[in-house]
Amino acid sequence: MNQRQSQESQYWSQRYTENRTGWDIGYVATPLKEYIDQLKDKTIKILIPGAGNAYEAEYLFQQGFMNVFVLDISSEPLDAFAERLPSFPKSQLVLDDFFTLEGNYDLILEQTFFCSFIPTDKNRSAYVAQMANLLKPEGKLVGLWFDIPLTDDLEKRPFGGDKKLYLSYLEMHLQTIIFEKCYNSIPPRQGNEFFGVFKKK
């Protein structure tokens, strides 16, 4: 593990240990639940990066999606998930760094993961390149991005952005199917989220 990976792992592990997880709503977010509910093919290979407590993975698994992979750089949420859902395959709980992960997926579900790491041009460009790298030829990236101002405070995670800023990165390697203000956010996040669906170019 290099210095950046070690720092990120330490940072997130501390957040979970100290229970400083204000982003954690305790259940699958409505926009992602409604997207999942219209999926027909339950054999697709799905990745949830920076999954945290991974309520999306739990919901998918309960709906019969067996090919779901939960990725986090911190072991704390993965261990908690394994306790909460003991029937979930341990081999599909992946302790690794998203930026060095290998594999190919039909669907990647993004729950403000883009907003979780320090918003340098290098990090955000690397995120999009890696998303495209991990998607199969017809694969999709689907998820939520915070519609909040991006400040200069580099301790203020999650970090935000606006539509133009996000698309300036995402469209480097992905084709936009939809990227709009989220109409079905949970009440505390109403007006503060984008919902996006992107396809590998």
Side-chain angles (χ1 to χ4, degrees), residues 4-5 8 23 28-41 44-52 56-57 60 68-73 94 96-154 156-186 189-201:
R4 182 194 63 78
Q5 291 169 325
E8 285 292 293
W23 66 85
V28 58
T30 308
L32 295 180
K33 177 184 180 297
E34 292 188 2
Y35 181 82
I36 291 165
D37 287 345
Q38 54 81 48
L39 292 173
K40 300 284 191 289
D41 183 358
I44 58 172
K45 189 177 180 185
I46 302 171
L47 173 69
I48 305 177
E56 299 78 23
L60 281 159
V68 180
F69 292 79
V70 177
L71 171 73
D72 209 281
I73 202 165
V94 184
D96 205 348
D97 179 8
F98 166 78
F99 292 100
T100 56
L101 184 72
E102 295 180 356
N104 288 110
Y105 301 86
D106 298 292
L107 174 65
I108 300 178
L109 281 183
E110 149 73 84
Q111 167 68 286
T112 63
F113 173 56
F114 183 92
C115 304
S116 71
F117 46 78
I118 293 170
T120 61
D121 180 62
K122 182 182 176 185
N123 282 348
R124 290 189 157 185
S125 298
Y127 161 99
V128 180
Q130 177 66 337
M131 280 293 180
N133 184 46
L134 290 169
L135 286 170
K136 291 183 182 179
E138 293 299 310
K140 287 179 182 169
L141 166 64
V142 176
L144 298 169
W145 287 257
F146 279 128
D147 181 16
I148 54 177
L150 178 59
T151 69
D152 292 328
D153 181 356
L154 294 186
K156 198 176 185 328
R157 304 192 197 208
F159 301 104
D162 57 33
K163 186 173 182 177
K164 184 179 176 185
L165 176 65
Y166 287 135
L167 290 179
S168 72
Y169 286 102
L170 291 159
E171 290 184 340
M172 287 177 179
H173 296 282
L174 303 168
Q175 180 184 334
T176 306
I177 298 171
I178 185 172
F179 192 71
E180 298 295 343
K181 278 278 207 181
C182 199
Y183 70 88
N184 54 355
S185 296
I186 63 168
R189 294 185 180 173
Q190 202 70 48
N192 290 326
E193 287 180 314
F194 292 112
F195 175 76
V197 178
F198 298 88
K199 191 168 76 168
K200 184 165 177 168
K201 278 185 176 175

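A donor-acceptor pair is defined here as one N or O able to donate and one able to accept, closer than 3.5 Å; no such pair exists between the side chain of Lys199 and the backbone of Glu138. Proximity of a side-chain donor or acceptor of Gln111 to a complementary backbone N or O of Ile48 within less than 3.5 Å is not detected. Remark: the backbone N or O of Gly161 is paired with a side-chain donor or acceptor of Tyr166 at under 3.5 angstrom. Panel note: side chain Asp96, backbone Leu101; no donor-acceptor pair is recorded below 3.5 Å. At distances below 3.5 Å, at least one donor-acceptor pair connects side-chain atoms of Lys163 with backbone N or O atoms of Phe179.
At least one side-chain heavy atom of Ile36 sits under 4.5 Å from a side-chain heavy atom of Leu60. Pro49 has its side chain within reach of Ile108: a pair of non-hydrogen atoms, C-beta onward, lies under 4.5 Å apart. Looking only at side-chain heavy atoms (C-beta outward), Arg124 and Leu165 come within less than 4.5 Å of each other.
Lys136 pairs by the side chain to side chain donor-acceptor pair (under 3.5 Å) definition with Asp106, not counting sequence neighbours.
Between Phe195 and Tyr35, the ring planes lie tilted relative to each other; the angle falls in the 30° to 60° range.
Atom CD of Glu110 is separated from atom CH2 of Trp145 by 5.0 Å, given to the nearest 0.5 angstrom.
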- [ ] Would you sort out whether Leu135 and Phe198 count as a side chain to side chain contact (heavy atoms under 4.5 Å, CB included), showing the intermediate values?
- [x] CA-CA 11 Å; Leu135 286 170; Phe198 298 88; over 6 Å; no
- [ ] With side chain to side chain contact (heavy atoms under 4.5 Å, CB included) as the test, would you mind laying out the steps for Ile177 and Lys140 before giving the verdict?
- [x] CA-CA 9 Å; Ile177 298 171; Lys140 287 179 182 169; 4.0 Å; yes
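Here the shortest heavy-atom pairing between His173 and Ala132 reads CB-CB, 3.6 Å.
Taking the six-membered ring for Trp, Phe117 and Tyr127 have ring centres closer than 6.0 Å.
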